[in-house]
Amino acid sequence: MEEDDVSIREQNFYSQVRECIICFLLFAILYIVSYFIIKRYKRKADEQEDEDVTVNRVSLFLSTFTLAVSAGAVLLLPFSIISNEILLSFPKSYYIQWLNGSLIHGLWNLVSLFSNLCLFVLMPFAFFFLESEGFAGLKKGIKARILETVVMLILLALLIFGIVWVASALIDNSSASMESLYDLWEFYLPYLYSCISLMGCLLLLLCTPVGLSRMFAVMGQLLVKPTILEDLDEQMYIISLQEEALQRKLNGGRSVVDNNMKRIEHDLLNAKAMKCKLERRKNASPWERNLVYPAVMILLLIATSFSVILVTCNILRLLVDETAMPKGSKGPGIGNASLFTFGFAGAALEIILIFYLMVSSVVGFYSLRFFGSFTPRKDDTTMTKVTLLQAMR
């Protein structure tokens with residue numbers, strides 16, 4: 001019996017070490033990819049002092065860490081679905097023994113923990129650290145900026161605590177409810193996280209329909225449209241004449257007012273952009289013009305219709321059938337039963353719809369007028385804007 005207990009403890013130890021190594025490798029891959037994504041969009045820094053360089057490096061590390069956690073949170077649901085179907089298809093395979101329910105549950109717990117850490121600590125610290133300069137009267141340096149950042153975080157925590165206190169008092173003005181707010185870990189933080197999740201869900205409900213309608217326009221800009229009853233050579237000739245006329249005005253316009261010069265430069269850039277689009281349409285193959293564009297639009301229409309039908313059916317099911325409501329009961333577990341009627345095909349379709357809705361939500365978010373200014377631009381996105389984007393994610 002003692003030998004059996006020792007062998008069980010050894011197996012549990014080795015399985016935990018294996019899961020830690022797998023989690024570290026997955027996070028390292030996400031971190032490297034996130035680093036290159038941020039470096040692609042971050043504005044190239046000019047000559048800065050050593051203090052500003054250190055602050056930017058710290059903020060870059062925190063933003064990269066947050067983006068990696070966000071990517072893990074997005075990919076975790078498709079990863080869980082694929083893992084469940086793989087375990088059902090190959091239950092006794094030696095090469096997938098590392099893929100089990102303990103690993104999946106551990107990943108979910110880690111993502112939840114680091115998401116809260118990034119939301120409440122790392123991103124506020126990175127933003128205030130970038131904007132800090134040190135209190136007046138203190139010696140300038142990293143320590144002064146850290147002190148100002150910590151003070152701002154404390155004031156922000158007190159402000160949020162007061163807002164949540166007032167909201168709780170408006171909703172339930174009872175002594176038990178007010179006393180429960182003193183329990184930070186068991187009640188206050190979950191309540192605050194629920195409020196933030198509610199705001200995120202409301203924003204998602206606003207962004208996703210806008211994104212679904214904008215997807216057709218976005219794909220129309222990326223793909224080459226069919227040339228039906230259009231003479232591209234004639235359009236190219238007209239654009240070339242306009243470009244030459246604007247260039248002559250610009251070259252001989254020393255006496256022109258500055259406002260007119262700016263308008264001419266703007267028109268010249270638009271003409272060059274239009275000329276590039278026409279050249280791309282002209283050089284595209286017939287297959288790309290006449291087959292790819294209609295096929296992609298049909299697929300978008302099918303995916304959008306299918307998504308709307310699924311959402312409508314789920315809403316009606318929740319309104320009519322009480323058993324469809326989540327009750328917190330544990331499911332069959334990873335690798336015990338398939339969650340889809342059509343097995344692996346149904347899982348693949350579910351994953352495609354998840355990514356399609358995710359992309360639509362991102363497109364809709366940047367299509368809103370208020371958030372349009374946050375759109376990242378290649379090599380022209382400030383570190384402050386990068387930090388704000390990670391916080392919103």
Side-chain angles (χ1 to χ4, degrees), residues 30 33 37 67 70-86 88-89 104 111 197 200-228 277 280-281 284-321 324 326 331 337-369 371-372 374-376 389 392-393:
L30 292 176
V33 174
I37 291 174
L67 181 59
S70 301
V74 169
L75 297 175
L76 193 52
L77 180 58
F79 181 75
S80 302
I81 295 174
I82 294 175
S83 301
N84 185 63
E85 298 301 325
I86 289 176
L88 286 174
S89 302
I104 303 299
V111 166
S197 299
C201 291
L202 295 177
L203 183 61
L204 185 66
L205 291 175
L206 179 64
C207 295
T208 304
V210 176
L212 290 175
S213 62
R214 283 281 300 166
M215 284 294 292
F216 295 91
V218 172
M219 295 306 297
Q221 295 174 358
L222 297 176
L223 300 176
V224 178
K225 297 181 181 180
T227 55
I228 301 175
K277 291 180 180 180
R280 184 191 172 195
R281 293 182 63 186
S285 62
W287 289 97
E288 185 179 359
R289 287 198 305 265
N290 303 322
L291 183 62
V292 175
Y293 182 84
V296 170
M297 288 300 167
I298 292 173
L299 289 176
L300 283 179
L301 182 61
I302 293 174
T304 303
S305 303
F306 197 67
S307 302
V308 173
I309 291 172
L310 282 180
V311 170
T312 305
C313 292
N314 288 329
I315 291 174
L316 293 177
R317 185 181 175 188
L318 291 174
L319 292 175
V320 177
D321 189 5
S338 179
L339 302 175
F340 307 96
T341 306
F342 300 101
F344 199 86
L349 179 61
E350 186 80 11
I351 292 172
I352 292 172
L353 290 178
I354 288 173
F355 281 109
Y356 176 66
L357 292 176
M358 179 189 67
V359 173
S360 301
S361 302
V362 174
V363 172
F365 176 80
Y366 290 118
S367 299
L368 296 177
R369 182 175 299 178
F371 299 106
F374 290 99
T375 304
L389 287 174
M392 287 186 289
R393 284 191 178 96

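Below, each value reflects all heavy atoms present in this structure, side chains not excepted, and no hydrogens, waters or symmetry copies. Computed from a predicted structure; not experimentally measured.
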Q. Quick one: CG on Leu77 to CD1 on Ile354, what's the gap to the nearest 0.5 Å?
A. 4.0 Å
Q.
Run Thr208 and Ser360 through side-chain hydrogen bond (donor to acceptor under 3.5 Å, both in side chains) and show every step you take.
A. CA-CA 6 Å; Thr208 304; Ser360 301; over 6 Å; no
Q. Taking atom CZ of Phe365 and atom CG of Leu206, what is their separation to the nearest 0.5 Å?
A. 10.5 Å
Q: Given side chain to side chain contact (heavy atoms under 4.5 Å, CB included), test Thr304 with Met215 step by step and report yes or no.
A: CA-CA 10 Å; Thr304 303; Met215 284 294 292; 6.0 Å; no
Q) Quick one: CD1 on Ile82 to CD1 on Ile351, what's the gap to the nearest 0.5 Å? A) 3.5 Å
**Q.** Stepwise side chain to side chain contact (heavy atoms under 4.5 Å, CB included) check, Phe306 with Leu349
**A.** CA-CA 10 Å; Phe306 197 67; Leu349 179 61; 3.7 Å; yes
(Q) I want to check something: taking the side chain as every heavy atom from C-beta on, are Asn84 and Ser80 in contact at a cut-off of under 4.5 Å? (A) no
Q.
Once rounded to the nearest 0.5 Å, what's the spacing between atom CD1 of Ile352 and atom CG of Leu299?
A. 9.5 Å
Q) What distance do Ser305 atom OG and Leu310 atom CG have between them, rounded to the nearest 0.5 Å? A) 11.0 Å
Q: For Cys207 and Leu368, work out which heavy atoms get closest and say how close.
A: SG-CD1, 3.8 Å
**Q.** Nearest atoms (heavy-atom pairs only) where Ala303 meets Leu353
**A.** O-CD2, 4.1 Å
Q) What distance separates Ser70 OG from Leu75 CG, expressed to the nearest 0.5 Å? A) 10.5 Å
Q. Which heavy atom in Ser83 sits nearest to a heavy atom in Ile104, and how many Å separate them?
A. OG-CD1, 3.8 Å
